Structures are given as C-alpha cells and as structure tokens.
Amino acid sequence: MKYPKLMLLLLLGAIVFMQSCNSDDTAESDDTDVIDDPSDAVSTPLSAFDEFNPDAVTISFDGTVITIESNGVPNHTSPYWEETNPLYIEPVVAVALTPGRIGGNRSYTVTVPAAPEIASSSTATGLGAIGIAVTGVPIFNDLEGDNRPIEEVIAETFDYAGAHNGPSGYHYHVESADVPENTVLSHDDEKLVGIMADGFLLYGRREGDGTYPTDLDASGGHFGTTPHSNGEVIYHYHIVNEFYLGSIIALFAGDLQGTPNVIM
Ligand SMILES: [Zn+2]
Ligand SMILES: [Zn+2]
C-alpha cells in the first residue's frame, strides 16, 4: 500500500515534532531528575496484593490508584488478643504488655498511586501508621507515641510479631521473632511485609534468591526485581539487615522516598 506524499510529510513532521519535544524535556531536567520522569514509573505488581490477609484488608484498584483498607486485625496469635479469643497465646517473647487488646472499631485506609515514583526529596515519617502490613496490622516507625526512640523498656512489650498495643491500636514496630509460634510473618527472609504510605512495597531482609541486598539507600530501598515483579525492576524497600537495639531489627526507620499519602 502506497501512502500519499502529503501523509508521509505529515508523519515525518509529527516524528520530528515529537523528537524535539523529547529533547526539550531532557534539556530542562538534569541527570538527577531522571527517576522523576513519569515514563519511568513502573506499576506495583498486582500479585503482591494477593499476600494481604483478606479477612482484614480490602484492596480496590481504580486505574491509576490503589486503595488499601484494613481493620487492623491480624491473622496470627498474640498475647494482645483478649484471652477468650482463639488466637490468644501466653507471651512468648514479651516481658510486659502495654494496656489494651486487639480489636475495637479500627480502620486504616490509604490510597496510593498504582505506579509510585521517587519524590524529588524524601519525607520523614511521623507517628502513627506509616504503612499497612500483609496481615492488616499498621506499620509504625522506630519512635513511640511521645517521640522517644524504641528502647529496652519499650522493646520488652513487643510480642513475637514485633507489635504491641497503643492508644491507636495494635501495631508493628520491629521484625518478628524466629519462634515456632511465628507461622505468618517475615523473619530474615524475602517475604512481603506490607506496603508503605508512599505506595512502595516493603520486603523482608533478603532478596528472592536468598541473598542480602548490598545497594540499599538510607531508607532500605533500591531498584531491583522482587518475588512479585515477574523479572521487572521496581523500586522497593527491605527491612534493613542491621540491629537497631540489641537483637531488634526495625521494620522501617528511614524516610519515605516517595510521596507519602495519609493513612486515615
Ligand atoms: Zn508503639
Ligand atoms: Zn530488593
């Protein structure tokens, strides 16, 4: 099939126009902005959301955004359950318990981009939920309610899941313990831990091939493949393989590298 000359000229014109647009864009941004280019944004692999506890977490996909809604109620045992609950166990690692028990009418909802991007500057995390774990339990940072770092006396209140109870409910601060009772949570492995408020996934300390990543940024993040990304390179966080206090490993103690969305 032959194209009329005019069509060819228009087509060539369009290509030249598109190229000049692209070069204009490149001229405006410096090298450090390359990862801000929307064309570089990679969608979060949807198979990761199959890992979330369906009894607690509802995931809604809406084109460019994903909404994660949880009631914060975990699918594992803990001494923080009411003693009448089938999932109640005597403390395994906790020395003292904080007041309150799992339950109540909690709700944690966050809407994140389906293809989150690195922001031009990182953002410190605040108190309260900074992510939602696969169990449905909110992820907190390395500080307690009065802004003091996790210290021995606080660490003694963590159950084997690395959680305790607070005014805002049951929440994780640190990596779970390697005890027989732990049949669900990531401990020194490649399991998905949850999703952070900026939309990036948080994995355990290891890569899918069992090795520890060596190129993590200050937040425990890097670009690489994950057990869910089907060979595609995505930005994701890991639990940083460093003791935070004694033998305790914080789940997430750095800044968020993407744009944080409010967990309501
Ligand atoms: Zn706490
Ligand atoms: Zn990785």
Side-chain angles (χ1 to χ4, degrees), residues 42 44-45 47-48 51 72 74 78-80 93-102 104 106 108 116 118 125-133 137-176 186 188-196 200-242 244-245 248-254 257-258 263:
V42 180
T44 301
S47 62
E51 310 280 354
S78 170
Y80 281 103
V93 295
V95 174
L97 297 187
T98 50
R101 292 293 172 263
I102 294 170
R106 310 263 177 211
Y108 304 91
I118 303 282
T125 59
L127 298 173
I130 62 168
I132 296 176
V137 172
I139 297 168
F140 279 36
N141 66 11
D142 55 334
L143 297 175
E144 261 303 86
D146 44 7
N147 258 326
R148 71 193 156 128
I150 301 296
E151 53 200 18
E152 207 69 50
V153 64
I154 298 167
E156 287 180 346
T157 66
F158 294 142
D159 61 10
Y160 75 76
H164 62 182
N165 206 68
S168 52
Y170 181 76
H171 55 271
Y172 300 140
H173 283 282
V174 300
E175 191 194 47
S176 63
S186 168
D188 193 16
D189 58 24
E190 76 300 339
K191 278 188 201 164
L192 182 67
V193 174
I195 188 162
M196 303 307 294
F200 291 122
L201 299 171
L202 171 65
Y203 284 89
R205 283 189 262 156
R206 294 177 193 258
E207 298 286 19
D209 64 4
T211 61
Y212 293 110
T214 54
D215 60 346
L216 299 181
D217 60 28
S219 305
H222 71 161
F223 284 91
T225 60
T226 81
H228 302 98
S229 74
N230 212 3
E232 196 160 17
V233 169
I234 58 169
Y235 183 82
H236 58 280
Y237 300 113
H238 285 274
I239 297 175
V240 178
N241 186 33
E242 275 168 21
Y244 178 79
L245 169 79
I248 282 176
I249 292 183
L251 282 183
F252 194 91
Q257 295 294 329
I263 302 181

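Positions are given from 1, in the same order as the sequence printed here. Counting starts at 1 for both ligands and their atoms, in listed order. Here the structure is a predicted model, which is why all the values come from computation and not from measurement.
The Zn ion (ligand 2) is closest to atom NE2 of His238 (considering only N, O or S atoms). Of all N/O/S atoms in Glu144, OE1 sits nearest the Zn ion (ligand 1). Restricting His222 to its N/O/S atoms, the shortest distance to the Zn ion (ligand 2) is reached by NE2. Closest to the Zn ion (ligand 1) among the N, O or S atoms of His171 is NE2.
Annotation: the span from Tyr80 atom OH to Asn165 atom CG amounts to 7.0 Å, rounded to 0.5 Å.
The aromatic rings of Phe158 and His173 lie tilted to each other, with the angle between the two planes from 30° to 60°.
The distance between the ring centers of Phe140 and His164 does not fall below 6.0 angstrom.
For the pair His222 and His238, the minimum side-chain heavy-atom distance is below 4.5 Å.
Rounding to the nearest 10°, we obtain 100° for the angle at the Zn ion (ligand 1) between His164 NE2 and His173 NE2.
Within a 6.0 Å radius of CG in Asp209, more than 12 heavy atoms belonging to other residues, nucleotides or ligands are found.
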